[in-house]
K.L.:
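Take a look at the following structure, please.
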Amino acid sequence: SNKRLTPIEKIQQSEPYRFFLSTVYGISDNYNQINAISLKEILSPEHGQLVRSAQFNYMFDIEFLREQYPPEFRLKPLLIVHGDSRHDNHTIKTQCSPYPQIEICAARLDIPYGTHHTKMMFLLYETGLRIVIHTANLIQQDWKQKSQGIWISPICPKTNDNTNESKTNFKKDLIEYIERYRAKQLQFWQKTINEHDFSSINVHLISSTPGRHTGADMNKFGHLKLRQTLKAYLGLENEAQYNSAPIIGQFSSIGSLGPNANNWLSKEFLTSLKQLHSSSLDSPELKLIYPTVDNVRTSLEGYMAGGSLPYNMQNAMKQGWLVNYLHKWKADHRQRSRASPHIKTYLRATNDEYKELLWFLVTSANLSKAAWGVLEKNNTQLMIRSYEIGVLFIPKQFSQTTFSVSDSSSPSFPIPYDLPPVKYQSSDKPWVVDVAYKNQPDSHGNMWDPS
Ligand SMILES: O=C(O)c1cnc2c(C(=O)O)cccc2c1O
């Protein structure tokens with residue numbers, strides 16, 4: 001149908017997953033209705049009377065952000081949580097100075113090269129508290145022609161019984177995440193989260209906080225939290241049939257992964273992604289989705305899209321072995337093959353047909369040790385450099401054994417890209433941000449010369 005849905009209709013229709021892609025300027029409107037939402041629609045006054053909000057992110061354009069709030073909400077208290085003086089954040093104070101209602105919290109980054117990647121909103125309405133966890137910076141270009149992922153919680157009602165936990169332990173995990181900032185401006189929000197009933201939440205929280213996590217803390221963050229959650233909740237009957245079930249990682253940047261796959265990717269990291277009780281010998285296929293140079297060149301933004309794909313030559317040249325794992329960005333079924341991905345997702349399918357999923361994760365975390373953590377000191381500590389946050393969908397929490405992907409059966413899971421993934425051709429190269437591309441013009445007729 002060509003009916004334009006209201007923000008509330010979009011959220012109702014997205015049940016039970018509540019997982020959206022950002023709307024894209026330049027594709028047919030039909031593909032911006034179902035499981036697609038804009039920042040203005042997320043902040044729409046339709047959801048209720050806003051009391052105050054908090055915006056966790058990496059990059060901010062405060063004027064742009066304010067414009068996305070309805071005029072009547074622009075005077076409400078707003079807390080900005082950012083990483084200390086990274087990127088253009090040293091201008092945060094300047095951008096916020098005209099607005100006394102905006103408070104600023106600089107997240108401590110005690111480990112070098114860590115970043116505050118987390119992208120999250122706390123929206124406190126008179127009727128309750130909504131959490132939004134997503135992948136987009138708060139700048140216009142991140143919400144215009146890219147593929148971004150967004151999970152929108154129900155509005156959790158106020159309660160005086162602070163034990164109202166979800167079956168996924170979401171409330172406790174979120175409070176533990178916030179506590180790691182050790183920031184007084186977040187104490188109000190810790191208290192507020194505690195005072196709301198989270199029992200309607202059906203996703204697990206997978207977050208990262210900077211630190212050298214040991215002992216009981218080891219499984220609280222990063223890839224060990226994912227490993228432990230999958231182990232505890234996947235609960236598969238005769239799981240042996242899934243030992244070689246394929247795993248997909250999809251992201252918008254890649255860190256330094258070491259001289260070969262065994263260094264971290266296919267040992268430590270893959271062990272967490274494939275977590276099933278039986279440590280079977282068959283190793284599942286790990287397929288990685290990351291844009292080719294041609295994906296970027298032919299995208300709606302052209303080479304400019306590559307500015308948000310900061311995979312640098314210094315890392316790329318050390319890990320040529322990675323190309324064998326790489327697959328193109330292709331999202332024809334969502335009409336987003338040209339909407340460059342800034343979303344990050346990880347999933348496991350039941351088999352090579354990719355008709356059903358065992359689990360699905362949308363997160364801020366790219367493919368890097370800084371985001372997911374790396375085991376140190378003989379596997380007694382997990383060292384994480386950055387703040388990250390994401391939500392994990394497990395079929396059991398939705399009273400299903402697997403998530404159906406085919407549109408036929410409902411409620412099919414709204415996957416962001418086409419499955420099965422398409423391997424790089426021999427002529428394909430991964431996009432690298434700091435090299436020039438001058439032999440073929442992009443969709444705007446421009447070349448890319450970063451020097
Ligand atoms: O979304 C993010 O958290 C994020 C973080 N970092 C970058 C960088 C960089 O760190 O150099 C360059 C370009 C885009 C991003 C970006 O989008």
Side-chain angles (χ1 to χ4, degrees), residues 21-22 39 55-62 64-65 80-92 105-107 109 111-121 132-151 177 181 206-210 222 249-256 290-291 293 295-296 299-316 329 339-346 361-372 384-391 416 430-435 437 448 450-451:
L21 295 181
S22 49
L39 182 51
Q55 293 283 355
F56 294 66
N57 218 299
Y58 174 79
M59 270 190 244
F60 296 82
D61 173 341
I62 297 298
F64 163 77
L65 175 60
I80 298 290
V81 184
H82 70 98
D84 54 19
S85 69
R86 292 275 306 158
H87 229 272
D88 55 2
N89 281 327
H90 60 274
T91 65
I92 286 271
C105 169
L109 284 162
I111 297 185
Y113 305 108
T115 54
H116 187 258
H117 258 194
T118 284
K119 294 165 175 70
M120 174 161 63
M121 310 181 195
V132 178
I133 290 177
H134 63 104
T135 66
N137 286 293
L138 294 172
I139 59 178
Q140 195 204 11
Q141 76 172 64
D142 267 42
W143 290 90
K144 190 177 176 194
Q145 296 189 306
K146 295 182 185 299
S147 294
Q148 303 278 8
I150 304 143
W151 171 76
Y177 171 80
Y181 286 78
I206 305 291
S207 72
S208 291
T209 64
Q250 174 275 315
F251 34 78
S252 61
S253 192
I254 305 169
S256 171
Y290 176 78
V293 174
N295 280 147
V296 176
S299 72
L300 292 165
E301 298 171 272
Y303 284 129
M304 285 286 281
S308 301
L309 298 164
Y311 185 28
N312 63 41
M313 193 46 153
Q314 182 191 340
N315 287 338
W329 171 258
S340 184
H342 192 256
I343 186 173
K344 295 90 173 148
T345 60
Y346 301 79
L361 170 69
V362 58
T363 171
S364 63
N366 281 306
L367 188 66
S368 76
K369 299 175 183 176
W372 285 104
I384 299 176
R385 297 181 190 275
S386 298
Y387 292 87
E388 308 282 354
I389 205 157
V391 293
W431 168 264
V432 171
V433 68
D434 48 358
V435 295
Y437 300 100
W448 178 261
S451 54

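Every number for a ligand or one of its atoms is a count from 1 in the order of the listing.
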K.L.:
For Asp142 and ligand 1, does the shortest N/O to N/O distance drop below 3.5 Å?
P.N.:
no
K.L.:
Output yes when the distance from some N or O of ligand 1 to some N or O of Ser308 is under 3.5 Å, and no in every other case.
P.N.:
no
K.L.:
Enumerate the atoms of ligand 1 whose separation from the nearest heavy atom of Gly307 is less than 4.0 angstrom.
P.N.:
13 (C), 14 (C)
K.L.:
If you measure from CD1 on Ile206 to OG1 on Thr363, what distance do you get to the nearest 0.5 Å?
P.N.:
8.5 Å
K.L.:
Side chains of Asn366 and Ser252: is there a donor and an acceptor less than 3.5 Å apart?
P.N.:
yes
K.L.:
For Tyr346 and Trp372, take the angle between the two ring planes, folded into 0 to 90°, and tell me which bin it lands in: parallel under 30, tilted 30 to 60, perpendicular over 60.
P.N.:
perpendicular
K.L.:
Are any of the heavy atoms in Asn137 under 4.0 Å away from ligand 1?
P.N.:
yes
K.L.:
Between Lys146 and Glu301, does any NZ, NE, NH1 or NH2 come within less than 4.0 Å of an OD or OE carboxylate oxygen?
P.N.:
yes
K.L.:
Is the shortest N/O to N/O distance between Lys344 and ligand 1 below 3.5 Å?
P.N.:
no
K.L.:
Does ligand 1 have any atom sitting under 4.0 Å from a heavy atom of His116?
P.N.:
no
K.L.:
Backbone or side chain, does any N or O of His342 fall under 3.5 Å from an N or O of ligand 1?
P.N.:
yes
K.L.:
Looking at Tyr181, Tyr58, Phe56, which one forms a ring pair (Phe, Tyr, Trp, His ring centres under 6.0 Å) with Tyr387?
P.N.:
Tyr181
K.L.:
Tell me, please, which residues at least two apart from Tyr290 pass side-chain hydrogen bond (donor to acceptor under 3.5 Å, both in side chains).
P.N.:
none
